[in-house]
Amino acid sequence: MRRVVRQSKFRHVFGQAVKNDQCYDDIRVSRVTWDSSFCAVNPKFVAIIIEASGGGAFLVLPLQKSGRIDKSYPTVCGHTGPVLDIDWCPHNDNVIASGSEDCTVMVWQIPENGLTLPLTEPVVVLEGHSKRVGIVTWHPTARNVLMSAGCDNVVIIWNVGTGEALVSLEDMHSDMIYSASWNRNGSLICTASKDKKLRVIDPRKMELVAEKDKAHEGARPMRAIFLSDGSIFTTGFSRMSERQLALWNPKSMDEPIALHEMDTSNGVLLPFYDPDTSIIYLCGKGDSSIRYFEITDESPYVHYLNTFSSKEPQRGMGYMPKRGLDVNKCEIARFYKLHERKCEPIIMTVPRKSDLFQDDLYPDTAGPEAPMEAEEWFDGKNADPLLISLKDGYTPSKIRDLNVVKKNILGSKPLAQKKSEASSTPKLASQTSSPASDGKLDEVMKELRSMKDLIKAQGERISKLEDIIANLTNNDTSEE
């Protein structure tokens, strides 16, 4: 019987590297031994972790600044140890978080047109990890909520707007955390760890929802990400060191929905997922190719589409959000491939003859507006991303400054909620209202009133002095 080829509009997706003059050249990409992507992209900027003597730094370039990057180009250089991971805020294209070997997480505000001077002062420094911080990732739908995971096996969830650690998951992981990912609405996280366990965690209840031991039996690092339907996609290694990919249902983790062997290369497979098209792109560190697969409801569930191959191995990879793509050219993904000394954009396109907007390729996608604030999320609210249409292209909204209001947390709120202190129904730090906070309000109001009185008195004094000066000048002119 003739084999019927599976119908898919993405069967003919092809990748193409841009011309040399559209690459970013002469960049010393970081050599630190850590399996993060080293690159983060949004519709305004590309950020790349670079080699830096005596500390850690990363470059932030406006997308249009291609060509050779001067060695004296300013960097973001506030860390005292190498930077391990960076992530752009999904709700503010000028805000980026970085995690470092110096055990801190820093959040930075990038000027609208990029850097003209080195940036050494972050908007906020988040201190709570006792070892290096290898993972930083923003909440998909709550403003100013950031998750970090360190080599101290601790996951901390921060309210960046106040600089507080509000959830600290300390006893969940017995070994190094390789990856941590939010689900579509940010109500759950999934982690992959060196102990070969895949965990699904409710961070606000601090409960382990599901766990799979030996999701991949090999000793090399695993990666795990949530898909939009709630299932989990993992990459890892078999006992024979073959690279694997697997699909899991968190409600039934005994057996994977699908498990595929790939090849025997030893680079960690970094998965990049597009929820709009259900395509997963796998970029192996040290590989020179990008493989892509379509996830569907029919067996074998993970369908191989194609491979983009090139000559040079990749040191890292950035992935552009959907709103940064050129919809007129049927571009469905854009990668920023890091070489040893340059960053090369790679464009994935679906071939179409028509120049009209292809609404089947571009369903409404997650926009830059946050549907809820950090406090609402910590209080238990969930919200799906607010979607936008790409029909007329995406126009970036006005820059919004990240304002951090440091709370006086002495006496009013615990710094971080510890697993050991939590009861069966733990109250989050943001929910606890204490008399101390009421007293603090009175104190602030009192200070505000006294400052207003002072300003009023100074205003009166200024007007008196102006009168005296006017009289003196009048007298001088009359004497003359």
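Only a predicted model underlies this, so the values are computations on that prediction, with no experimental measurement involved.
- Under the 6.0 Å cut-off for aromatic ring centres, Y304 and F293 qualify, their centroids lying closer than that.
- Seen from the ring of F45, K65 does not count as a face-on cation partner, given the 6.0 Å and 45° thresholds.
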Working for salt bridge (charged side-chain N to carboxylate O under 4.0 Å, His left out), residues R132 and E101: CA-CA 4 Å; R132 59 186 183 160; E101 274 191 19; 3.5 Å; yes
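- Here the side chains of V46 and L63 are in contact, with some heavy-atom distance below 4.5 Å.
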Could you please spell out the steps behind the side chain to side chain donor-acceptor pair (under 3.5 Å) verdict for Y301 and S231? CA-CA 11 Å; Y301 307 106; S231 53; over 6 Å; no
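- No side-chain donor-acceptor contact under 3.5 Å links T141 and N185.
- With hydrogens and angles disregarded, no donor-acceptor distance shorter than 3.5 Å links the side chain of W108 to the backbone of A97.
- With hydrogens and angles disregarded, a donor-acceptor distance shorter than 3.5 Å links the side chain of R334 to the backbone of G324.
- Once rounded to the nearest 0.5 Å, the distance linking NE2 of H129 with SG of C103 reads 9.0 Å.
- Taking NE2 of H139 as the reference point, atom CG of N159 lies at 11.5 Å (rounded to 0.5 Å).
- Counting heavy atoms from C-beta on, the side chains of C23 and V18 come closer than 4.5 Å.
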Apply side chain to side chain donor-acceptor pair (under 3.5 Å) to the pair K337 and S310, showing each step before the final yes or no. CA-CA 11 Å; K337 174 182 170 179; S310 57; 2.6 Å; yes
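- With values rounded to the nearest 0.5 angstrom, D213 atom CG is found 10.5 Å from L198 atom CG.
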Is there a salt bridge (charged side-chain N to carboxylate O under 4.0 Å, His left out) between D26 and R341? Walk through the geometry before answering. CA-CA 5 Å; D26 226 9; R341 302 281 304 191; 3.0 Å; yes
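- Side-chain polar atoms of T277 and D274 form a donor-acceptor pair below 3.5 angstrom.
- Distance check: I347 CD1 to E331 CD gives 4.5 Å after rounding to the nearest 0.5 Å.
- Using a 4.5 Å heavy-atom threshold, the side chains of V145 and V160 count as separate.
- You'll find the side chain of W158 stays beyond 4.5 Å of the side chain of L166, heavy atoms only.
- With hydrogens and angles disregarded, a donor-acceptor distance shorter than 3.5 Å links the side chain of H303 to the backbone of E298.
- No donor-acceptor contact under 3.5 angstrom links the side chains of D175 and S193, judged on distance only.
- Ring pair W182/W377: centre-to-centre distance below 6.0 Å.
- Counting only heavy atoms from C-beta outward, the side chains of V107 and P122 never approach each other to under 4.5 Å.
- Judged purely by atom type and a 3.5 angstrom limit, Y273 uses its side chain to pair as donor or acceptor with the backbone of S228.
- A side-chain donor from one of T104 and D102 sits under 3.5 Å from a side-chain acceptor of the other.
- Aromatic rings from Y362 and F357 are positioned such that their centres are separated by under 6.0 Å.
- Judged purely by distance below 3.5 Å, without hydrogens or angles, the side chains of S238 and H216 never pair a donor atom with an acceptor atom.
- When ring centroids are compared, Y319 and F335 come within the 6.0 Å threshold.
- Contact check for D85 versus V133: no side-chain heavy atoms found under the 4.5 Å cut-off.
- One side chain, S8 or E294, offers a donor N or O that lies under 3.5 Å from an acceptor on the other.
- In this structure, the side chains of T264 and R243 stay at 4.5 Å or more apart for every pair of heavy atoms.
- Donor-acceptor pairing under 3.5 Å is lacking for the side chains of R184 and N382.
- When all heavy atoms of V29 and R315 are compared, the pair lying nearest together is O-NH2, 3.5 Å.
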